[in-house]
Structures are given as C-alpha cells and as structure tokens.
Student: 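First the structure, which I've put down as structure tokens, then a few questions once you've had a look.
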Amino acid sequence: MKLRQKVIFLALTPLILALCAIAFAVRHQAITLAEQQRATIQQAYLASKEAELKHYVTLASHSIASLYQSGRKDDATQEEAKRILSALSYGDDGYFFIYDLQGKSLMHPRQPELVGQNLWELRDAEGNLTIQRLMQRAKSGGGFERYNWIKPSTNKSAPKLGYVILMPEWGWMMGTGIYMDDVDQALAKVDAQQSRNIRSTMELIAAIAILGSLLVAACGLVLNLRELRVADAKLKVLAQRVVESQEEERARLSRDLHDGISQWLVSIKLQIEAGIARLGGNAEQKEKAPATFERAAEQLNKVLGEVRRISHNLRPAILDDLGLAAALDHLVHEFNDSSSAQASFTASPVAAGEGLPDMVNTVLFRIAQEALTNCERHAHASGVEVSLHEAGKAVELRIQDNGGGFDFDGIALHPQRGIGLRNMTERMEAIGGSLHITSSPAGTLVLARLGLPPHTLINTQT
C-alpha cells in the first residue's frame, strides 16, 4: 500500500468509527428520550381524563341530590332522576348510564335497546366480564375501570375509561366514561413524529459521514502530506458540526419532554388553584376546599407510588443483599399486604438458594412474582403456598394456590393471552431449567426446577 493510500485509510477509518459511535449514541439517547416523553404525555392525558370523569360524576350526583336524599324510593322519583341524568350528555360519545345491582340496564341514552336487558354475563372481545368488573369497582367504593364498549359515533368497539359509584339507597350503579381512542391517536402522532426526527437525524449523520469520507478521499488524491494537515482541521470542524447537531437534537427532545411534563403538572396546579379559590369563597366553598387539596395530594401520592413500584419491580435490592429466600419472603409479605388472599413461604433447608448465580436468582424471583400476580388477578384464590427447597442436585420453586384454575392448553394456544406464562417458560429455558404448570378446579401448581452444578449446592450437614 502506498503512503498516500495509507494516509487516506488512516484518515477515513477513525472518522467512520467516530461517526458510527456518534450515530449510535444519538439514536440511543433519542429513543430513550422519546420513550420518556411518550410515558409523560400518556400520564398527563390519563390524569386529565380521570379528573374530567370525576367532575362529570360529581356534577351528575349533585343534579339528582335533592331526589336521592329525599328518602323516596318510588318509581316516579327514580324515573325523574333517570330523566335528568339522561339529559346530561356531553358530546356525541359522552353520556351517563345506570344499572341495578343484578346487572340490569336501567338507563342508556346512546343505546336504548339495552335498557331492560340483564348484562351481568356480558363479555368484551378479550373475554372480560364488563358489567361485573364495573359493579365490583362500584361496590369497593367507586373509582376508575378500563373496559371496551361500543362507541356511538363510530358504532365500533373502542377502549374506554369509566368511573362508577354506588347509590345503595336505590340499588343503582351510576357512572360515565370517556373513550380512549383519541389518546391512542395522539400518542401515535407523537410516536410518528419522534420516528421522523430520529430518522432525519440518522440521515443527516449518514450524509455528513459520506460527505466527510468523499472530502478526505478527494483531498488525499490531490494534496500532499502538508495539505493533509489542513484536511485534518476540516475534519475537526466537521466532527464539531456533528456534535453540535447531536446537542441540538437533544435540546429539542428535552424541550418536548419538558412540555409534556408541564401538561401533566397543569392538572394538579389547576386543582390547587381551585382549592385556593374556594378558601376565599363562602362557607360552603371553604368546606369543599380540603377535598380539592386531598385529590391533588392523592394524585401526587399515586405518581410517587407508581415510581416506587416500577423501581422495585425492576430489581429489588433485597435480592442482592440477602439472597433469594429473603427476597421471596419479602415478596410474599407484600402480596399479603395488597391482596385479599393470604400466602405463606417456606424454605427447606433454611439456607436454600444461597450461592446461586445472580441470573438464576433473578429468574426464580420473576417467576414467583408473575405467579403471585396471576393468583391475585385471575385465580380468585384465598390461599397461596410458596416454597423453595433443594431436591437432590436441583433447586425447586413451587407456587400453589386453591383458586378456580384455568384452561392451560386454551390460554397457551391463544395468540393474545398467556404472555406471562410464555415468559416464565422462556426464562427457565434460558438458564437450562424447566417449568411445569398444572391447573384444575381445585387450584393451580407452578413448579420451576433447575439442576445445579455441585459447587452451588448447599451443604446441609453444617
């Protein structure tokens, strides 16, 4: 290779490697910021929708308060309340609905054909019992529930965020909801814009790389070694331009992220301002002020709790500090605090799980976490037994509940269900273990088994 060719090669190679590294860093940072921005915008949308629904239900409750609090339960009084609520529509797709405690539709302004029908066993496309879930939410004190329902303006099924309350004096469940497809459309636009920005940035870096390579090659062909030093200076300027373009892109994404966060905080700010305004009003307004501040504080507490939950779910510190057995025991205690079912944990021997590789600890912990989550959401069990013990040259993790069981084969073959079960199986296969799940009306057993090398086994004689 001639000297001139060596110079060109030595000039092009670092440039291309540097631009590739810069492109990778820019793309990674842009994607990370885009995901954070999307999550922030989604939280802001949901917070505003939830606040809006609460206000609607409060307004509806006040509109029939005189009738409901009168103590009358006759048909005429209830029909008058239905007439008032039926007239409180907002937009083409905003309406209130009423069901009795047995799931019979008593009022539905947009779908009058449903009135009088018992919809207790109604299921959506995903097999969820819609009315039963709404009724359970209302009986537990009222609140939000996600489900799918026919959108009046399109006559198609769409995701919906509902808010329901119980009216026990009349045996009613009253609520309303907002369709969430507009939120999905807004997020889709955000994703599309972010993809275009990332693509344009990558194209710009690629164009700069091509331009720089051609420039260096041309200079190497027509200039001597002394002029190559000038070319090096130009390359430094070019690299600076790439860095500046990277910083400009980061600054733009940072501004977008900031704007998204601001939208989310506006909801809480408006509630605080409303509370302050009520403090300066009449006596009735002053009595309502603490509730406004409490709602704002509740939203902040939920956000903080969600952040803590996500942080803990990523990887609990106790797993690294005290080992698998202690982490599983802590997981069971957390399950007992948050679920109506009660779980127990045993380890045999007491030091079972010590000395396992970090990857094995993580996989077994995630399987226990997923299994307990399924028990709480789907099994309707009253008791769960979790055990970790060594059997011969293997370690076994067992999670057994006394719930109603499920159709394992049907869920395993369903393309949109059983994702958690498949994830557990794939996790065990990745570390060379096996996962066995058996389910019947008497309960479900999840058994994870992993053979271990001799040096990882616990000396049970000590």
Side-chain angles (χ1 to χ4, degrees), residues 305-379 381 383-403 406 408 411-412 418-439 443-453 455-460:
E306 184 67 11
V307 171
R308 296 192 194 99
R309 185 189 67 79
I310 293 173
S311 176
H312 177 73
N313 287 342
L314 290 175
R315 184 172 179 85
I318 193 174
L319 189 60
D320 297 322
D321 297 338
L322 300 180
L324 179 61
L328 292 175
D329 186 59
H330 180 71
L331 180 64
V332 167
H333 281 86
E334 285 188 338
F335 176 83
N336 291 336
D337 292 338
S338 61
S339 173
S340 59
Q342 292 298 304
S344 62
F345 172 73
T346 57
S348 176
V350 177
E354 288 188 1
L356 294 177
D358 291 341
M359 178 61 72
V360 174
N361 284 337
T362 302
V363 169
L364 294 178
F365 180 83
R366 292 304 184 198
I367 288 175
Q369 195 175 42
E370 179 70 22
L372 288 176
T373 301
N374 289 338
C375 290
E376 182 178 3
R377 292 180 179 177
H378 310 298
V384 185
E385 296 180 359
V386 181
S387 63
L388 176 71
H389 47 110
E390 292 179 356
K393 296 182 179 180
V395 62
E396 288 186 351
L397 173 66
R398 296 170 59 94
I399 304 97
Q400 187 166 12
D401 65 65
N402 60 356
F406 64 96
F408 176 77
I411 291 180
I419 296 177
L421 300 179
R422 288 192 289 271
N423 286 341
M424 289 194 292
T425 302
E426 291 173 358
R427 285 178 182 271
M428 286 302 299
E429 290 177 351
I431 60 174
S434 60
L435 183 72
H436 302 282
I437 301 176
T438 57
S439 185
T444 301
L445 170 65
V446 177
L447 175 62
R449 191 173 192 276
L450 176 68
L452 298 175
H455 67 276
T456 62
L457 298 176
I458 305 220
N459 185 3
T460 57

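Atom set for the values below is all heavy atoms of this structure, side chains included, hydrogens, waters and symmetry mates excluded.
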Student: Would you say the side chain of Leu397 lies within less than 4.5 Å of the side chain of Val386, judging by non-hydrogen atoms?
Tutor: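 They are in contact (side-chain heavy atoms under 4.5 Å apart), so the answer is yes.
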Student: Under the rule for side-chain contact (heavy atoms from CB on, under 4.5 Å), what residues qualify as partners of Leu450, not counting sequence neighbours?
Tutor: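 With sequence neighbours excluded, Leu450 shows a side-chain contact (heavy atoms from CB on, under 4.5 Å) to Val360, Val395, Met428, Ile431, Leu452, given in chain and number order.
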Student: Please list, chain by chain and in numerical order, all residues satisfying side-chain contact (heavy atoms from CB on, under 4.5 Å) with Ser344, sequence neighbours excluded.
Tutor: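 With sequence neighbours excluded, Ser344 shows a side-chain contact (heavy atoms from CB on, under 4.5 Å) to Glu385, given in chain and number order.
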Student: What residues form a side-chain contact (heavy atoms from CB on, under 4.5 Å) with Ala341, not counting sequence neighbours?
Tutor: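 Applying side-chain contact (heavy atoms from CB on, under 4.5 Å) to Ala341 gives Phe335, Ser339.
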Student: Among Asn402, Thr444, Val384, which residue satisfies the side chain to side chain contact (heavy atoms under 4.5 Å, CB included) criterion with Cys375?
Tutor: Val384
Student: Run the side chain to side chain donor-acceptor pair (under 3.5 Å) test against Asn374 and tell me which residues pass, sequence neighbours left out.
Tutor: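 For Asn374 there are no side chain to side chain donor-acceptor pair (under 3.5 Å) partners, ignoring immediate neighbours.
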Student: Considering non-hydrogen atoms only, spot the tightest contact between Met424 and Ala371 and give its length.
Tutor: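 Result for this residue pair: SD-N, 4.3 Å.
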Student: Could you tell me the separation between the CD atom of Gln369 and the CG atom of Leu328, rounded to the nearest 0.5 Å?
Tutor: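 Output value for this atom pair is 10.0 Å.
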Student: Could you state the interatomic distance from CG (Leu364) to CZ (Arg449), rounded to the nearest 0.5 Å?
Tutor: 12.5 Å
Student: Look at the side chain of Asn336 and the backbone N and O of Ala343, then say whether any donor-acceptor pair between them is shorter than 3.5 Å.
Tutor: yes
Student: List for me each residue that meets salt bridge (charged side-chain N to carboxylate O under 4.0 Å, His left out) alongside Glu376, sequence neighbours excluded, and say none if there are none.
Tutor: none
Student: Once you round to the nearest 0.5 Å, how far does CG of Leu324 lie from CG of Asp329?
Tutor: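 Reported to 0.5 Å precision, the distance equals 11.0 Å.
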Student: Once rounded to the nearest 0.5 Å, what's the spacing between atom CD of Glu429 and atom CD of Glu426?
Tutor: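 Separation between the atoms: 7.0 Å.
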Student: Nearest heavy-atom pair of Ile367 and Ala448: which atoms, and what distance?
Tutor: CD1-CB, 4.3 Å
Student: Who pairs with His389 by side-chain contact (heavy atoms from CB on, under 4.5 Å), at least two apart in sequence or on another chain?
Tutor: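 side-chain contact (heavy atoms from CB on, under 4.5 Å) list for His389, sorted by chain: Ser348, Ser387, Glu396, Arg398.
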Student: Mind listing the closest non-hydrogen atom pair of Ala381 and Asp401 along with its distance?
Tutor: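 Heavy-atom minimum between the residues: CB-CB, 3.8 Å.
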